[in-house]
Number of protein chains: 2
Amino acid sequence: MVYICAVTRTQTLEQLLVTSSRLVRLAAQAAGNATPSAVWRTLSILDAEGAMRVGELAAASRVSQPGMTRLLGGMDDDGLVTRSADAADSRAFIIGITPVGREALAGWRDTLARTLEPWFADLPDADWAALERSVAILAERTASPTASPAATSPATAQEERA
Amino acid sequence: MVYICAVTRTQTLEQLLVTSSRLVRLAAQAAGNATPSAVWRTLSILDAEGAMRVGELAAASRVSQPGMTRLLGGMDDDGLVTRSADAADSRAFIIGITPVGREALAGWRDTLARTLEPWFADLPDADWAALERSVAILAERTASPTASPAATSPATAQEERA
DNA sequence: CTCGATGCATAACTATGGTATATATTTGCG
DNA sequence: CGCAAATATATACCATAGTTATGCATCGAG
């Protein structure tokens, strides 16, 4: 039982990763590679979770801090994000989304609706429900980390924070 | 009704993309960035779908052909893939997974089980079912394309192939 | 006050993706 | 059958995304 269950879950996760990777690529190609995935991911996180520090945004995106610094450099140049000194710590900066960034994000969403949604146009409602539930699960599991599961399970970590 | 439904679906797809992107990054970081995502994605596709041409593999991965050529160059160097001339067309090559590649894929799966599964350890069975269903949907929708939805819907395209 | 920890930038590197182009081969049409 | 268009892949060049290592300034705890 446990053996069968473990194999199934590994397979599920494997396929989830492969399909996730493909989906991200599908979206990029369907949109003509107009907006790099790192950009829309970052804007979407800022839009959903609000302004935050560079390191926090890196953690939320699951990339390294220097990588995020570099990415934000370009986005700052393009006027997509704000950088303001953090009053609580003069080493830190708070990154927020600008109106231009919001417009860009909205534009990307329109592109999504036009280019990617048709791929899912004929899904029955039950399938949409499954996707929505999965998104909720993944959102919870991929949210900003404070501890790895080796130290504590995600659910336990949330209890400790509360 | 239609307006409300369209917005919800766009939001669902947006969040699906963001969580997908994060999940791919989470897996990479959890595994110590040991196996690049493009490599495991490629090996997993070859393992699941069998040997195929360079261009087919590029399409299956949703990347450009020259990009796939480059990636395969490195994988070939590492002994992960085979390249054999396609008897049906002397321009083409058939790419397959080697035993070394299979081992590498198995190793990656082990790493998945060890590093990523704990993040999902406390999921109830209903949530696993939702993930599995979503994976099935995404696998179907991201499978090797023969037509874009603008021309025909994915389901219709499958009927035409049958 | 001191020292270890932390936040971010920079440097150097590798990997992943794109488009454009070239060459050889295949296919389809007249 | 011949020819032109289409196709398969490699190469070149470019930009971006990611990493680790490092440096410097600042913070926080003892």
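Only this structure's heavy atoms are used, side chains among them; waters, hydrogens and symmetry mates stay out. Note on naming: letters A, B, ... go to the chains in the order of the sequence lines (proteins, then strands), and numbering restarts at 1 for each one. This one's a predicted model, so the numbers in the text were calculated from it and none came from an experiment.
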Base, sugar-phosphate alone, or nothing: which one does A:Ser90 contact when heavy atoms must sit under 4.0 Å apart?
-> sugar-phosphate

Roughly, in whole Å, what's the span from CG in A:Leu72 to P in D:dA17?
-> 11 Å

Separation between CG of B:Leu57 and CZ of B:Arg53, rounded to the nearest 0.5 Å | 13.0 Å

Does B:Arg62 count as lying over the ring of A:Trp119, i.e. NZ or CZ under 6.0 Å from the six-ring centre, within 45 degrees of the axis?
-> yes

Compute both the distance and the angle, then confirm whether A:Arg133 meets the cation-pi test with B:Trp128: under 6.0 Å from the six-membered ring centre, within 45 degrees of the axis.
-> no

Starting from C1' on C:dT16, measure out to CH2 on B:Trp40 and report it in whole angstrom.
-> 13 Å

Using 4.0 Å as the upper bound for N to carboxylate O, is an ion pair formed by B:Arg109 and A:Glu14?
-> yes

Between A:Asp127 and B:Arg141, is there a salt bridge with N-O shorter than 4.0 Å?
-> no

Are OP1 or OP2 of C:dG18 and a side-chain N or O of A:Gln29 less than 4.0 angstrom apart?
-> yes

Please give, in whole Å, the distance from D:dT16 P to A:Arg41 CZ?
-> 15 Å

B:Asp86 has an atom CG; how far is it from atom P of D:dT7, in whole Å?
-> 16 Å

Considering residues at least two apart in sequence or located in another chain, which fulfil the salt bridge (charged side-chain N to carboxylate O under 4.0 Å, His left out) criterion with B:Glu132?
-> none

D:dA15 C1' sits how many Å from A:Met75 CE, rounded?
-> 16 Å

Reading nucleotides 5-15 of chain C 5' to 3', which nucleotides get B (base under 4.0 Å from a protein heavy atom), which S (sugar-phosphate only), which -?
-> BBSBBBBBB-S

Report yes if at least one side-chain N or O of A:Arg62 is closer than 4.0 Å to OP1 or OP2 of D:dA17; otherwise report no.
-> no

Would you tell me if any nitrogen or oxygen in the side chain of A:Ser64 comes within less than 4.0 Å of OP1 or OP2 on D:dG18?
-> no

Rounded distance (Å) that lies between atom C1' of D:dT20 and atom CG of B:Asn33 = 10 Å

